[in-house]
Amino acid sequence: STRAHRLGLLPTDSRSLACQRTMGESAYSFSLTTFSPSGKLVQIEYALNAVATGATSLGVKAKNGVVIATEKKLPTCLIDETSVEKIVMLTENIAIVYSGIGPDFRVLYKKGRKAAQAYYRVYRELIPIQQLVRELASVMQEFTQQGGVRPFGVSLLLAGFDHVGPQLFQIDPSGSYFAWKASAIGKHMVNAKTFLEKRRETSRETGRVSAPGREGFARGGAAPSKRRDARSRRTHLPRGSEPVWSLLPPPR
Amino acid sequence: MARGSSAGYDRHITIFSPEGRLYQVEYAFKAIKTSGLTSVGVRGADPCVVLTQRKVPDKLYDPESVTNMYAITPNIGLVMTGIVPDARASVKKLREEAAKFKFNNGYDIPVSYLAKRAADTAQVYTQHANMRPLGIAMIIIGIDVEGEKKVPQLFRCDPAGYYVGYKATSAGAKEQEANNFLEKRFKPPAGSNVAVDPKLSHDDTVQLALACLQNVLGADLKANDIEACVVRHDNLAFTRLSADELETQLTALAERDDDIAGRD
């Protein structure tokens with residue numbers, strides 16, 4: 001049966017998106033994320049450290065929509081920046097951004113898209129955001145318990161607009177998730193969150209939210225390094241308002 | 001509270017270290033350099049070219065069988081730098097992916113999607129402890145045909161599962177020097193943020209790649225010491241440049257006296 005698995009002939013269990021076997025019959029049968037004597041799951045803590053070294057991302061919820069943004073600073077001018085996708089659409093009313101390990105993010109948003117499609121296939125309706133969040137969080141939790149794998153090194157910010165209204169969720173490598181009015185993840189999250197706490201008002205419209213969002217970026221992302229040029233920082237600001245999200249052009 | 005003592009297995013398998021690093025992935029990057037070769041890829045307005053050093057380690061080898069360039073489909077090819085057996089295994093898998101795509105969807109796999117599949121496979125090895133990452137970096141080139149438009153593409157995939165499109169890039173032992181050389185030619189002028197797109201012609205693209213490799217290796221290249229492959233608008237197939245063509249380009253490069261030749 002492992003040979004059949006390798007050839008992709010056996011159907012994958014659709015209920016558990018995480019349990020897709022790739023090549024290698026001898027996957028570890030024991031979990032690599034285990035309790036330390038003090039009761040901590042250190043692999044998850046280390047995963048959070050990996051997230052904390054990633055580029056800052058933040059999200060702000062408004063009365064009529066949600067804004068998410070991320071720092072997109074490319075390491076070299078040789079990169080074709082149109083090929084770099086840091087903010088990604090899951091459905092027409094849900095978008096997602098991350099901080100941490102990019103390749104891990106790709107795996108998660110692919111699973112997120114498939115989960116949304118699977119829901120649509122059954123109900124012919126767009127998946128409610130909380131349900132999609134629960135699916136993704138459940139995947140992330142499985143990788144903290146399943147044998148032979150490490151946790152995902154990303155935190156996710158999910159922005160969407162459904163029948164409940166605009167919502168912003170954060171999912172951590174442990175699989176725990178919370179709804180936020182505004183949040184930040186990644187390198188400068190502490191500064192950014194402090195800024196957001198002071199400047200936010202719940203009644204703001206998205207147009208007026210994206211300005212503090214961008215500013216929260218500039219302020220929160222201000223590093224002591226003098227070489228950082230504010231002009232070189234580009235932000236993507238998709239917003240989930242109405243059932244459609246859109247990518248805003250980079251600020252001048 | 002553990003303070004960064006990686007006394008566990010984090011150096012042996014792909015689990016997190018206390019700082020949140022993946023040591024096995026970092027070691028895989030070092031393994032790429034053990035081959036001692038350097039490869040360069042440049043995307044021009046018309047063609048894309050990949051170029052690599054060629055060392056035939058033993059005179060008894062059949063020189064025609066020594067190559068690091070592989071065609072994945074007739075129109076998409078790549079150069080692999082690093083551990084050759086890992087390269088061959090990866091090429092085999094990518095060829096299967098491309099063929100399966102064509103069979104299931106009825107059209108040729110786009111270059112970006114092939115690069116994504118390569119990178120996603122590499123990511124799996126960084127997350128599943130029972131499989132090590134592969135010690136290879138690949139530079140993939142091809143031309144996507146969208147109706148009337150032909151868009152040249154160049155992607156680089158690495159053991160971390162990271163992939164991105166490039167205007168020019170390199171891999172291997174001297175990739176840092178090669179990237180520095182290339183950056184000087186693609187850097188936006190001081191005070192501007194607009195990306196530079198020099199729209200290089202076929203000859204310019206090939207000669208830029210040759211100039212880059214020549215510069216980092218510190219010696220003039222001979223046609224036998226390198227291998228190069230291109231894809232072009234009027235010939236979409238992943239084609240190897242013959243020794244004569246390489247000689248022509250090398251001679252033309254030697255006679256140039258402008259920015260591309262880079263005699264800095």
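We name chains A, B, ... by the order of the sequence lines, and we start the count at 1 in each one. Predicted model, so just to flag it, every value in this text is computed and none were measured.
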Is there a side-chain contact (heavy atoms from CB on, under 4.5 Å) between A:Glu81 and B:Val164? Walk through the geometry before answering.
CA-CA 8 Å; A:Glu81 53 171 34; B:Val164 84; over 6 Å; no

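- A:Ser83 OG to B:Arg156 CZ: the interatomic distance, rounded to the nearest 0.5 Å, is 13.0 Å.
- Checked against side chain to side chain contact (heavy atoms under 4.5 Å, CB included), A:Lys193 has the following partners two or more places apart in sequence or in another chain: A:Trp180, A:Ser183, A:Ala184, A:Met189.
- The local environment of CD in A:Gln145 is sparse, with at most 12 non-hydrogen atoms from other residues, nucleotides or ligands closer than 6.0 Å.
- Only the side chain of B:Leu22 comes within less than 4.5 Å of a heavy atom in chain A; its backbone stays farther off.
- Between A:Tyr28 and B:Ile13 there is a side-chain heavy-atom pair separated by less than 4.5 Å.
- Panel note: side chain B:Glu183, backbone A:Cys77; no donor-acceptor pair is recorded below 3.5 Å.
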Any chance you could lay out the side-chain contact (heavy atoms from CB on, under 4.5 Å) test for A:Glu45 and B:Phe16, step after step, and finish with the verdict?
CA-CA 9 Å; A:Glu45 308 227 341; B:Phe16 284 115; over 6 Å; no

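- Shown here for A:Pro103 and B:Ala160, the closest heavy-atom pair between the two residues is CG-O, 3.1 Å.
- A:Asp172 meets the side-chain hydrogen bond (donor to acceptor under 3.5 Å, both in side chains) test with A:Ser155, A:Gln170; sequence neighbours excluded.
- With a 4.5 angstrom heavy-atom cutoff, B:Thr121 does not touch chain A via any of its atoms.
- Here the closest non-hydrogen pair linking B:Gln123 and A:Val107 is OE1-CG2, 3.1 Å.
- Contact count against chain B (heavy-atom pairs under 4.5 Å) is highest for A:Ala47 among A:Gly102, A:Ser36, A:Ala47.
- Within the 4.5 angstrom heavy-atom criterion, no atom of A:Ser38 approaches chain B.
- For A:Arg150 (side chain) and B:Thr126 (main-chain N/O), a donor-acceptor pair under 3.5 Å exists by modelled atom type.
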Step by step, work out the side chain to side chain donor-acceptor pair (under 3.5 Å) result for A:Asp104 and B:Gln127.
CA-CA 8 Å; A:Asp104 287 7; B:Gln127 198 165 21; 4.7 Å; no

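- Once rounded to the nearest 0.5 Å, the distance linking OH of B:Tyr166 with CG of A:Leu74 reads 9.5 Å.
- Among A:Leu78, A:Val149, A:Thr53, A:Val51, the residue with the largest count of heavy-atom pairs under 4.5 Å with chain B is A:Leu78.
- Contacts between A:Leu32 and chain B at a heavy-atom distance below 4.5 Å involve the side chain alone, from C-beta outward.
- Residue A:Ile101 touches chain B through its side chain alone, counting heavy-atom pairs closer than 4.5 Å.
- Counting all heavy atoms, side chain and backbone alike, B:Pro18 lies closest to A:Asn49 at O-ND2, 2.6 Å.
- Residue with the most contacts toward chain A among B:Ala119, B:Ala115, B:Ala122: B:Ala119 (heavy-atom pairs, distance under 4.5 Å).
- Interface remark: B:Arg21 contributes no atoms to any contact with chain A (heavy atom separation under 4.5 Å).
- The backbone N or O of B:Asp120 sits nowhere less than 3.5 Å from a side-chain atom of A:Lys110 that would complete a donor-acceptor pair.
- Only the side chain of B:Phe155 comes within contact range of chain A, with at least one heavy atom under 4.5 Å from a heavy atom of that chain.
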